[in-house]
Protein chains: 2
Amino acid sequence: MCESPEQVRTLFRAAGKRLTHQRELILDALEKSNKHLDAEAIHDRVKQEDPDISLATVYRTLTLLKELGLVEVHSLGTERSRYESAGDTPHYHFTCMACGKVIEFDTPLVTQVGQELSEREGIRVTEAHLHVRGYCAECAKSGGGRENDVA
Amino acid sequence: MCESPEQVRTLFRAAGKRLTHQRELILDALEKSNKHLDAEAIHDRVKQEDPDISLATVYRTLTLLKELGLVEVHSLGTERSRYESAGDTPHYHFTCMACGKVIEFDTPLVTQVGQELSEREGIRVTEAHLHVRGYCAECAKSGGGRENDVA
DNA sequence: GTCCATGCAAACTGTTTGCACGCGC
DNA sequence: GCGCGTGCAAACAGTTTGCATGGAC
């Protein structure tokens, strides 16, 4: 995470938003485990601190944090949306279709694609999500995969 | 599309599936407009031929076609899933966040990412989805965008 | 004191499923 | 004729929203 508590507070004030107990807890939960949590998982965690927090508040807060640029949302496939605190270096996701493992990686190539697009189409790129699926090293060995390549 | 009607029939038989009127209509609709249709749009189209086809059948058929490898599914963001007939050259999507326009593009860079990953992690890549968002040329001009780059 | 934020429950959306009938093979 | 496929409606999951109360500023 790259935002100090004061920065967060400033961000909130600038947006005319209040930094409530609930919102702090949700931010905390996201920062502590910077895994990819879904709304329910976040709800479970913050409920341990304050059992009265409702799932609706979690959703509303996540929407707000997304608008403030403090969290990123990944909607990988049909699964529920997953949230993680923003500000880390950009990264992309590989999901193993056999064991479900998620590997994060970074690559400058995605940035290149953005630049390529900007030049070719006059587009202004703000987000790029790359989601790669396949079989991880272990699962590929045990015969999980087929022989086609990047599709 | 790359499958002739006979190939399709063979595929169905091999899977022990029947090629019903409804399924043909749905395949047709997908092949004719190889845009990215959502289930409801497909339903609307096939209803023009047979008003009795139910949305449930559309969903069931799409699931089947996905299993047979005849259609591809794109779950871009929170929006509803979109389907298109498979077999065309791989391509990726840019969505304009202002006007909703979808631009398709292809780039060898994604394949490179796959190769990079294979080498680095021993992964076998079978799918790669790249979803770029931002503002298209027109919307960027009219001040829709902010100044951050590929994230 | 003013509003924004919250909790609750109900609404909503996209998708799936149980059931009895109908049709492809 | 056997069994998969269908239409219908109800169920479902994740997410959003209306409303009255409560809390940040």
Side-chain angles (χ1 to χ4, degrees), chain A residues 5-6 8-29 36-44 46-68 70-83, chain B residues 5-6 8-29 36-68 70-71 73-83:
Chain A
E6 301 88 58
V8 169
R9 188 168 291 275
T10 309
L11 253 168
F12 271 75
R13 306 198 70 169
K17 303 295 177 185
R18 291 167 187 174
L19 189 44
T20 62
H21 182 55
Q22 291 91 330
R23 289 178 177 174
E24 283 184 309
L25 285 178
I26 291 167
L27 262 170
D28 263 26
H36 315 81
L37 302 174
D38 58 42
E40 209 124 19
I42 295 167
H43 188 210
D44 285 348
V46 296
K47 265 197 304 191
Q48 290 173 14
E49 309 265 343
D50 177 349
D52 288 337
I53 292 184
S54 78
L55 187 54
T57 295
V58 172
Y59 276 111
R60 281 190 277 231
T61 301
L62 288 171
T63 304
L64 173 61
L65 296 178
K66 181 172 50 178
E67 280 164 11
L68 296 180
L70 291 171
V71 304
E72 281 174 9
V73 194
H74 303 282
S75 313
L76 313 176
T78 317
E79 306 133 29
R80 62 195 70 172
S81 298
R82 293 168 162 274
Y83 304 82
Chain B
E6 301 87 58
V8 169
R9 188 168 293 275
T10 309
L11 253 168
F12 270 76
R13 305 198 71 169
K17 303 295 178 185
R18 292 170 187 172
L19 188 45
T20 62
H21 181 54
Q22 291 91 330
R23 289 176 177 177
E24 282 183 311
L25 286 177
I26 291 167
L27 262 170
D28 264 27
H36 316 81
L37 302 174
D38 58 43
E40 207 125 20
I42 295 168
H43 188 211
D44 285 347
R45 293 184 179 227
V46 296
K47 265 199 302 191
Q48 289 173 14
E49 309 265 345
D50 178 346
D52 288 337
I53 291 183
S54 77
L55 186 54
T57 295
V58 172
Y59 276 110
R60 281 189 277 231
T61 302
L62 287 172
T63 305
L64 173 61
L65 296 178
K66 183 172 48 177
E67 279 164 11
L68 295 180
L70 292 170
V71 305
V73 194
H74 303 283
S75 313
L76 313 177
T78 318
E79 304 133 30
R80 60 194 71 173
S81 297
R82 292 167 164 276
Y83 303 82

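Protein chains get the first letters and strands the later ones, always in sequence-line order, with residue 1 at the start of each.
- Computed from coordinates, the B:Leu68 CG to D:dG5 P distance equals 10 Å when rounded to whole Å.
- The shortest distance between the side-chain N/O atoms of B:Tyr59 and the OP1/OP2 oxygens of C:dT15 is below 4.0 Å.
- Taking CD1 of B:Ile42 as the start and CG of B:Asp38 as the end, the distance is 7.0 Å to the nearest 0.5 Å.
- Here NE2 of A:His43 is found 11.0 Å from CD of A:Gln48. Values are rounded to the nearest 0.5 Å.
- The nearest whole Å value for the distance from the CG atom in B:Leu64 to the C1' atom in D:dG5 is 10 Å.
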Please output the side-chain donor-acceptor pairs of residues 17-29 of chain B that fall under 3.5 Å, not counting sequence neighbours, one pair per line with the distance.
| residue | atom | partner | partner atom | Å |
| --- | --- | --- | --- | --- |
| B:Thr20 | OG1 | B:Arg23 | N | 3.3 |
| B:Arg23 | NH1 | B:Arg18 | O | 2.7 |

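- Considering only heavy atoms from C-beta on, A:Leu37 stays 4.5 Å or farther from A:Tyr83 through its side chain.
- In this structure, B:Arg82 atom CZ and C:dT13 atom C1' are separated by 15 Å, rounded to whole Å.
- Taking atom CG on B:Leu62 and atom C1' on D:dG5, their separation rounds to 15 Å, with Å as the unit.
- Rounded to whole angstrom, the span from the NZ atom of B:Lys17 across to the P atom of D:dC2 amounts to 20 Å.
- Rounded to an integer number of Å, the gap from B:Leu25 CG to C:dG24 P is 12 Å.
- The base of C:dC4 lies close enough to the side chain of A:Arg18 for a donor and an acceptor atom to sit less than 3.5 Å apart.
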Compile the donor-acceptor pairs under 3.5 Å between side chains in residues 49-63 of chain A and protein atoms, sequence neighbours left out, one pair per line.
| residue | atom | partner | partner atom | Å |
| --- | --- | --- | --- | --- |
| A:Asp50 | OD1 | A:Asp52 | N | 2.9 |
| A:Ser54 | OG | A:Ala56 | N | 3.4 |
| A:Ser54 | OG | A:Thr57 | N | 3.2 |
| A:Ser54 | OG | A:Thr57 | OG1 | 3.2 |
| A:Thr61 | OG1 | A:Thr57 | O | 2.8 |
| A:Thr63 | OG1 | A:Tyr59 | O | 2.9 |

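- Between A:Arg13 and A:Ala39, the residue anchored nearer the 5' end of DNA chain D, judged by the nucleotide with its closest heavy atom, is A:Ala39.
- Within the structure, a side-chain polar atom (N or O) of A:Arg9 is placed less than 4.0 Å from OP1 or OP2 of D:dC25.
- Per the geometry, CG belonging to A:Leu19 stands 7 Å off P belonging to D:dC25, to the nearest Å.
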At under 4.0 Å between heavy atoms, which parts of nucleotides 6-11 of chain D does protein reach? Answer with one letter per nucleotide, 5' to 3': B base, S sugar-phosphate only, - none. BBBB--
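- Distance B:Leu37 CG to C:dT15 P: 13 Å, rounded to the nearest Å.
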